[in-house]
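The first residue of the sequence shown is numbered 1, and numbering continues consecutively from there. The structure presented is a predicted model; accordingly, all values stated were derived computationally and were not measured.
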Amino acid sequence: MKGIIEAGECTLGIEFGSTRIKAVLVDNAGKPIASGSHSWENRFENGIWTYSLDMVWDGLQDAYADLARDVLEQYGARITTLKAIGLSAMMHGYMAFDKDNELLVPFRTWRNTITEQAAAQLTKEFKFNIPQRWSIAHLYQAILNKEEHVGDITFLTTLAGYVHWKLTGEKVLGIGDASGMFPIDHEIKDYNKDYLEKFGKLVEPCGYSWKLEDILPKVLVAGDEAGALTEEGAALLDKSGTLKAGIRLCPPEGDAGTGMTATNSVAVRTGNVSAGTSIFAMVVMENDLKDVHEEIDVVTTPEGDNVAMVHCNNCTSDINAWAGIFKGYSEAMGIEVDTNKLYETMFSAAQSGAYDCGGLMGFNYFSGEPVTGFDQGRPVFMREVNADFSFANFMRLHLYSAVSTLKYGLDILFKEEEVKVDKLYGHGGFFKTKEVGQRIMSAATGGPVTVMNTAGEGGAWGIAILAMYMAEENKNGLSDYLNDIIFAGEEGETVMASEEEIAGFDSFMKKFVKAMPVEKAAVDSL
């Protein structure tokens, strides 16, 4: 292994997640051989969920340095060059720069629900759903708010696009990430020209010097080259100065595209669920949606095929908060608790809970949840007077709560739109405890859920694979590459909920929808 590392035959993938920046090094067969990470948290400042640019660069450098240490300790090798590099990050949001390449306003992340007016107007104008977290919704809301900085914009991008730009000098974006900025025409693999024209007419009275198509990143697809690491970029990535310039990079992608890649779900009628701080499901469609649904947005695979996406802002944060309570109680009792064991115990207990949660109900809304119409959130737990208030039911309720809003959107996709999916893959922290998360998700979706052995590697591994694919000289389509090279022979583990579990979740969902006024009252009162 030392030889291939020093020969530059390995590939690096880095993903900026919402709570962790992860770097993964893979060998020339696509197998992870080393990793590094850096923990970070978004901040709520002046009404905006944000990360500072210092946090971006400190986190990137720390994650890479952690990876380099792991490589040195395991193999006695130092990374000087690589076959390729891939960068990925949370999709959407708003990063606007002026002619001097200065950030005009603090980075507005996907988590913000401050663009309701703009999203609604654009959805009506385009007859295409524009969610609040999309970059174009943020831009148009800033225009509606008459924010002074808008006239000075020369470049608008995502977090992945920003980091890639600084490392390579290239203002580009992978089509999957670009599809979360502005609608894509999957036939031409570029921004939808009709919608660009409509947007231009909308903002024409404002008299801006820019046109939208001139400030958006150039769209690239999987397999395209997206520039090379510059001297300045190498210094930004590796503070030790060991890494050399000239390494090729693939198009920067969003976490949705890397999730599809990491779960081998880029082909038509495949789908995946990513469940961590947020939760989203994606299904590659055979046909366009029949109607516009505010609960469903249409993005693309890294190759540009249309994908129906249900994205929810909240998933495991409330589970993490309760884990902190249980850990604090145990420590107060003089009992030391291993964090991994704590989570495993919490998740495992849910398996013996009543399939309808026994009269317990809750909302895990730390932030707003546009899918159900909430611009703010308040975590809420409640129970009926005669409820079976057991630990098992309590934990089952919180696992249900983590995926209930997703099910709310998926029911529209599967039942109203009749979108078909043959395989649904799960990945993310929700699926870490063997079988439990899969069974809950299967009960929610009514179909089998598969977790691959590589799913734990996540998006950093997914973008490393996309970088490997870019570096291939003679390549077929991405789906063939994944099937024939990366996932050859790997089946994963599949779980199917029982009819009773599915019926139990459906019964719970009726009460969940009926209880939404309680969540609204909590938002209004607290």
In terms of side-chain geometry, is the basic nitrogen of [X] or [Y] positioned less than 4.0 Å from the acidic oxygen of its partner?
X	Y	answer
Glu197	Lys201	yes
Asp297	Arg133	yes
Glu15	Lys22	no

Side chain of [X], backbone of [Y]: donor and acceptor closer than 3.5 Å?
X	Y	answer
Thr230	Leu167	yes
Glu519	Arg378	yes
Tyr208	Asp152	no
Trp461	Gly30	yes
Lys189	His186	yes
Asn264	Leu482	no
Ser37	Ala63	no
Asp224	Val221	yes
Asp70	Gly36	no
Ser179	Thr300	yes

[atom1] of [X] to [atom2] of [Y]: how many Å apart, nearest 0.5 Å?
X	Y	atom1	atom2	value
Leu237	Glu232	CG	CD	13.5 Å
Asn129	Leu289	CG	CG	9.5 Å
Glu204	Lys211	CD	NZ	9.0 Å
Cys10	Leu25	SG	CG	4.5 Å
Leu173	Glu253	CG	CD	7.0 Å
Leu82	Lys244	CG	NZ	11.5 Å

Is there a side-chain contact between [X] and [Y] in this structure, where contact means two heavy atoms from C-beta onward sitting under 4.5 Å apart?
X	Y	value
Thr109	Phe107	yes
Met282	Met260	yes
Met181	Met91	no
Met309	Ile296	no
Asn306	Val284	no
Leu478	Leu466	yes

Side chain to side chain contact (heavy atoms under 4.5 Å, CB included) assessment of Leu103 paired with Asp98: CA-CA 7 Å; Leu103 188 66; Asp98 65 14; over 6 Å; no

Residue pair Ile136, Phe199: steps toward the side chain to side chain contact (heavy atoms under 4.5 Å, CB included) verdict: CA-CA 10 Å; Ile136 191 61; Phe199 186 84; 3.6 Å; yes

Step through it carefully: locate the ring centre of [X], locate the ring centre of [Y], and say whether they are under 6.0 Å apart.
X	Y	value
Phe363	Phe512	yes
Tyr365	Phe374	yes
Tyr162	Trp57	yes

Asp214/Leu212 under side chain to side chain contact (heavy atoms under 4.5 Å, CB included): CA gap, chis, key distance, verdict: CA-CA 5 Å; Asp214 296 331; Leu212 183 59; over 6 Å; no

I need the minimum non-hydrogen distance between [X] and [Y], along with the two atoms involved.
X	Y	value
Ser265	Gly271	CB-O, 3.7 Å
Gly174	Pro251	CA-CB, 3.7 Å
Val403	Phe430	CG1-CZ, 3.7 Å
Ile175	Pro302	CG2-O, 3.3 Å
Gly93	Ser135	O-OG, 2.7 Å
Gly368	Asn314	O-ND2, 3.6 Å

Parallel, tilted or perpendicular: ring planes of Trp134 versus His92, cut at 30 and 60 degrees: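 Aromatic pair Trp134/His92 classed parallel.
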
Verdict with supporting geometry, Asn272 and His427, side chain to side chain donor-acceptor pair (under 3.5 Å): CA-CA 8 Å; Asn272 78 92; His427 61 111; 3.0 Å; yes

Between [X] and [Y], a side-chain donor and acceptor under 3.5 Å:
X	Y	answer
Glu417	His293	yes
Asn112	Tyr94	no
Asn364	His398	no
Thr158	Asp177	yes
Ser52	Asp54	no

From CA spacing to verdict: side chain to side chain contact (heavy atoms under 4.5 Å, CB included), Leu202, Leu122: CA-CA 9 Å; Leu202 272 181; Leu122 290 174; 3.8 Å; yes

For [X], look at atom [atom1] and say whether over 12 heavy atoms of other residues, nucleotides or ligands are found less than 6.0 Å away.
X	atom1	result
Glu45	CD	yes
Glu213	CD	yes
Lys146	NZ	no
Lys218	NZ	no
Asn46	CG	no
Lys432	NZ	no

Cation-pi geometry met for Lys198 and Phe126 (6.0 Å, 45°):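 Checked: cation-pi criterion not met.
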
Cation-pi geometry met for Arg111 and Trp49 (6.0 Å, 45°):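 Relative to the ring axis of Trp49, which defines the angle, Arg111 lies inside both limits.
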
Worked check of side chain to side chain donor-acceptor pair (under 3.5 Å) between Asn320 and Tyr343: CA-CA 9 Å; Asn320 296 340; Tyr343 276 97; 2.9 Å; yes

Of Asn313, Ile114, Thr115, the residue whose pairing with Gln132 passes side-chain contact (heavy atoms from CB on, under 4.5 Å):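 Testing Gln132 for a side-chain contact (heavy atoms from CB on, under 4.5 Å) against Asn313, Ile114, Thr115 leaves exactly one candidate, Thr115.
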
Test side-chain contact (heavy atoms from CB on, under 4.5 Å) applied to Leu229 and Thr81, Thr168, Ile247, the passing residue: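 The residue from Thr81, Thr168, Ile247 that satisfies side-chain contact (heavy atoms from CB on, under 4.5 Å) with Leu229 turns out to be Ile247.
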
